[in-house]
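Only one structure is covered here, and it is reproduced in the block below.
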Amino acid sequence: MTECRPEELLAATLAAQIPDVRHIAVGAASPIPAAAALLHQARSKERVHVTILHSRRYNSFTDGGRELFDAAAQGRIDVFFLGGVQIDGEANINLVGLGEYPNLTQRFPGSFGSPYMAFVVPNVILFREEHSPRTLVRKVDFVSAPGWSPEGVWRRGGPRALVTGLAVMTFDAPRRRFRLTSVHPGRTTEEVRNATGFDFDMPDRAPTTAVPDAVTLGLLRSEIAAKLREFYPDFAARVFPVPA
Amino acid sequence: MTECRPEELLAATLAAQIPDVRHIAVGAASPIPAAAALLHQARSKERVHVTILHSRRYNSFTDGGRELFDAAAQGRIDVFFLGGVQIDGEANINLVGLGEYPNLTQRFPGSFGSPYMAFVVPNVILFREEHSPRTLVRKVDFVSAPGWSPEGVWRRGGPRALVTGLAVMTFDAPRRRFRLTSVHPGRTTEEVRNATGFDFDMPDRAPTTAVPDAVTLGLLRSEIAAKLREFYPDFAARVFPVPA
Amino acid sequence: MSVFAPISLDDLVTQVPDGALLAVPADYSGAPMAATRALIRRGARNLRLVTVPQSTLQADLLIGAGCVTEVETAAVTLGEFGIAPCFTRAALAKTVRVIDATCPAIHAGLQAAEKDVPFLPLRGILGSDLVKHRPDWKTVDNPMAASGDPILLIPAIRPDVALFHAPMADREGNVWIGRRRELATIAHASRTTLVTVERIHDGSFFDDERLAAGALPAFYIQAIAIAERGAAPVGLFGEYEPDLDHLRAYAREARTEAGFRAYLAREVGTAKAAA
Amino acid sequence: MSVFAPISLDDLVTQVPDGALLAVPADYSGAPMAATRALIRRGARNLRLVTVPQSTLQADLLIGAGCVTEVETAAVTLGEFGIAPCFTRAALAKTVRVIDATCPAIHAGLQAAEKDVPFLPLRGILGSDLVKHRPDWKTVDNPMAASGDPILLIPAIRPDVALFHAPMADREGNVWIGRRRELATIAHASRTTLVTVERIHDGSFFDDERLAAGALPAFYIQAIAIAERGAAPVGLFGEYEPDLDHLRAYAREARTEAGFRAYLAREVGTAKAAA
């Protein structure tokens, strides 16, 4: 039973970063954050609204493509997830490319809504499975969304935490620094340090990331898996195979 | 047959002020302008779109109350009608009140969209049945919509003509002056001058406003009257009584 | 998607606090007349109205009943039945402060709030005396233009409460507004949105794309009450026409203060004494 | 309300002039794939795309086929199938100029055009490197604030042509867009709007308030062509799902220039020689 897949650990770990809120939104192509949001919703006593852009059932927007951004601006979206091809020690993310823009050596899709959502959503959770000096860099080549803003610049929110395949870090915006919060089971602090291209604070003894308990795994494998099948069929089939 | 009601004369006269256009819009509570727009449409060889806010059938807006104004801003509305409790010699209109604002001695409903439509619609036709020194004044007490703008102020359109129960005038925006174009049948230039509180240009001999011909009257009394019955039943019943 | 429970009309209007900035829809977009009467009965005070962009009977009743201190509006009128008598009296007596606006400025102010930006620019209007009397409107030089190009900035309008009537809500608490899209804008711009509906639709609007197209999602809405013929005597889009005889009679009766009091006693019921 | 006549797909795409600024909808709002293939066959050149706010196969095909000189976008990608190969190659080789944007800025730019104002303000974004590389975006001090409060102004985006696919048009030439309201905004903001539809609805959407709620009025639309499964292999809202096998195969095949050419020859047909 307690054999836990990496995706299950990450979904449960992301869910643990979500504070008590009313509305969690998940952008496109984000199956693990979607699982985390649905898990949070399933365990919450209060009514929690989950918007998953990728889904029809979990997307009740009717005012066009701008509504996600307008609703976020109105303060109606409390949690959003952002990834980054590069993420640096000041929580800047890069979704545009490597090299000196516009003379790129590698081109990524583009910034999407990140430079906006990172400002207007109170709790932004950064998520990148690959934890390596290639992804977690000292300084991103291109700032799609800045991790912090100087005083005097209107900003309601920003990155609060970073979850990777190795560890969990929290971001201290005033100090512009990450702090290691936990290391995933079977991984070491040393491994995290070596895999991270930026400097960060470390407690003397980093705890191990909590493994999802049986109830949580049960929820993920039944209720949540069933929901994910609607809009992430490939992911659901791979991570939550239906027993033959 | 050629017995022509005043409303019919006014509708035909307003229709004569409408240039070749694609889209005529008529605001609320404007049965005579509505008749004029429908008359123009019926006589046009080209497809002319008529929007009558008061109607369900002639209102295909689906983007809320702002759509009239946005569509006008986009240059998609070529003709609009405006009234005025007061209209002055520089084509300013007042829909707010008499007296020195905010210390009014008489209060009218308010400016509606006039300060906007007067700028963005190329051809604004002013219409006020009562032609008296009380309505056509030297200077309006409150400028709801200015008739002209100084150089350097963005402005696509504005008042082009004024139709009243006595006469037709055209407005020369660069000179900020009206010019008498025609006097309605049975009225005199002298009468117009005495009834007008502002100075205006007069030709040596002002022609008589053309009376609608039999074809036009036929259109008004059959096709147009039938359409008006949907959204101006009282007006249609009074002006175009259905023969017993 | 959980199921919501409608509340009573009286409970609904307790959620409009005295002093609130209250958005008032135009007649064509669901005038909440039953809720307005309940609001008057509960003795609401010091409301500040913003009409979107104009109002007829709803604003006139609230003003006449003494619930209002201030109204931002492009126009208050009874349309084909003439002047709005209570509005006109209150404006002249200055018992209500009238903040004169124009339709597109009210729409733009709400759209600014919808985006949580401090202002939206708008063409036209410059040279209108409205601008002189609106210190909150600012004329600036268009920062995108090379040379001088004055343009008006309209500040965001953020109602405390949006209150309107709609044909139906569904079991999830979504409200069907059809093509009255200004109701979505008002709800987006407002802190609290309260809705009365004719009926509850069994199911979810989102099960049918045709209905979904006219739905306002539940997460914008704080409370819903059922009020059959809740817009009467004003009409409701796609449902029923205005009661012209009623409105004509109101226009006549409310011409005097005493006539208005009689209308209020008969049609609205006893208002609580002013606090 | 006169009756309109649909035109052929080939005639429709002649109304997209070479060099036009062409609005490209996202996959969820009616990617006009049949029209895109026809546009490639007619040998369109020097198109400037603005994706609203991102694109997948449509932009990638147009770029790969050599129709495009410039693309303003928040992202071009094949979503779960990875990078958009032609976009990525062209961006790195600089055969297409990429104007990097962000979703809400593209929406705001279109809304500015919808109101015919030079700009819309937007919160956030400041400090993103996007701002450094967008000389057309201006940071100003919020004129409504007492003290310094920097805010970004996004200039209006006015496409020459909006082109999208929708489920149906009616006999009057109105188009049903359902809850894909960005299509209304794009049409409002654009000089010319061209639409392909699955089918013609017999009657008028305005005869039924439920359908009217999702209608784009005919007066915004210059021409309509019928194209059954006109969004395939991308999906169409409320109608059909994307063909995932096709998209997966494209992602693989187009990884090389030769593979892309083979796809183009097989799926699109012969393009006219470049002018």
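In what follows, chains carry the letters A, B, and so on, assigned in the order in which the sequence lines appear, proteins first and then strands, with residues in each chain numbered from 1.
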Closest contact, heavy atoms only, A/D141 versus D/D129: O-OD2, 4.3 Å

Working to the nearest 0.5 angstrom, can you tell me the gap between A/Y232 OH and D/E80 CD? 8.0 Å

Nearest-0.5 Å distance, NE2 of residue D/H133 to OH of residue A/Y101: 6.5 Å

Measuring heavy-atom distances to chain A, does D/F237 have an atom under 4.5 Å in its side chain, in its backbone, in both, or in neither? neither

Side chain to side chain contact (heavy atoms under 4.5 Å, CB included) assessment of A/Y116 paired with D/C103: CA-CA 8 Å; A/Y116 192 72; D/C103 309; over 6 Å; no

The interface call for D/A91 against chain A, heavy-atom contacts under 4.5 Å, is side chain

How close do D/Y28 and A/G65 get, counting heavy atoms only, and between which atoms? OH-CA, 4.2 Å

So which of D/T77, D/T88, D/L78, D/D100 has the biggest tally of heavy-atom pairs under 4.5 Å with chain A? D/D100

Here the pair of heavy atoms bringing D/V98 nearest to A/R107 is CG1-NH1, 3.7 Å

Side chain, backbone, both or neither: which part of A/S30 has an atom under 4.5 Å from a heavy atom of chain D? neither

Heavy-atom contacts under 4.5 Å, residues 105-121 of chain D to chain A: D/H107, D/Q111

Just so I understand: if I count every heavy-atom pair under 4.5 Å between each of A/P146, A/A118, A/S149 and chain D, which residue has the most? A/P146

In this structure, CE of A/M117 is separated from OG1 of D/T102 (nearest 0.5 Å) by 9.5 Å

Around atom CZ of A/R156, are there more than 12 heavy atoms from other residues, nucleotides or ligands closer than 6.0 Å? yes

Using non-hydrogen atoms and a 4.5 Å limit, figure out which bit of D/K94 sits close to chain A: side chain, backbone, both or neither. side chain

With distance as the sole test, does D/S128 use its side chain to make a donor-acceptor pair with the main-chain N or O of A/P115 at under 3.5 Å? no

Below 4.5 Å from any heavy atom of chain A, which atoms of D/S29 appear? Answer side chain, backbone, both or neither. neither

Between the OG atom in A/S111 and the CD atom in D/Q54, the distance rounded to the nearest 0.5 Å is 12.0 Å

Most contacts with chain D, counted as non-hydrogen pairs under 4.5 angstrom, among A/G99, A/P109, A/G110, A/S114: A/P109

Which atoms of A/N94 come close to chain D, meaning under 4.5 Å heavy atom to heavy atom: side chain ones, backbone ones, both, or neither? neither

A/S144 versus chain D, heavy atoms under 4.5 Å apart: side chain, backbone, both or neither? backbone

For the residue pair A/F142 and D/L130, what are the closest heavy atoms and their distance? CZ-N, 3.6 Å

Is it the case that the side chain of D/R123 and the backbone of A/V120 share a donor-acceptor pair, with hydrogens and angles ignored and the cut-off at 3.5 Å? no

Using the test side chain to side chain donor-acceptor pair (under 3.5 Å), find all partners of D/R255 that sit at least two apart in sequence or belong to another chain. none

Go through the atoms of A/R66 and report whether side chain, backbone, both or neither lie under 4.5 Å from a heavy atom of chain D. both

Identify which of A/N92, A/L68, A/V140, A/N103 forms the greatest number of heavy-atom pairs closer than 4.5 Å to chain D. A/N103

Whatever's closer than 4.5 Å to a heavy atom in chain A on D/V131 counts as neither

Are the charged groups of D/R180 and A/D63 less than 4.0 angstrom apart, N to O? no

Honestly, the part of A/F108 sitting under 4.5 Å from a heavy atom of chain D is backbone

Okay, A/R56 and chain D: the region with an atom under 4.5 Å from a heavy atom over there is both

Given heavy-atom pairs under 4.5 angstrom as the criterion, report whether the side chain, backbone, both or neither of A/Q106 touches chain D. backbone

Do D/P150 and A/V153 touch side chain to side chain, with heavy atoms closer than 4.5 Å? yes

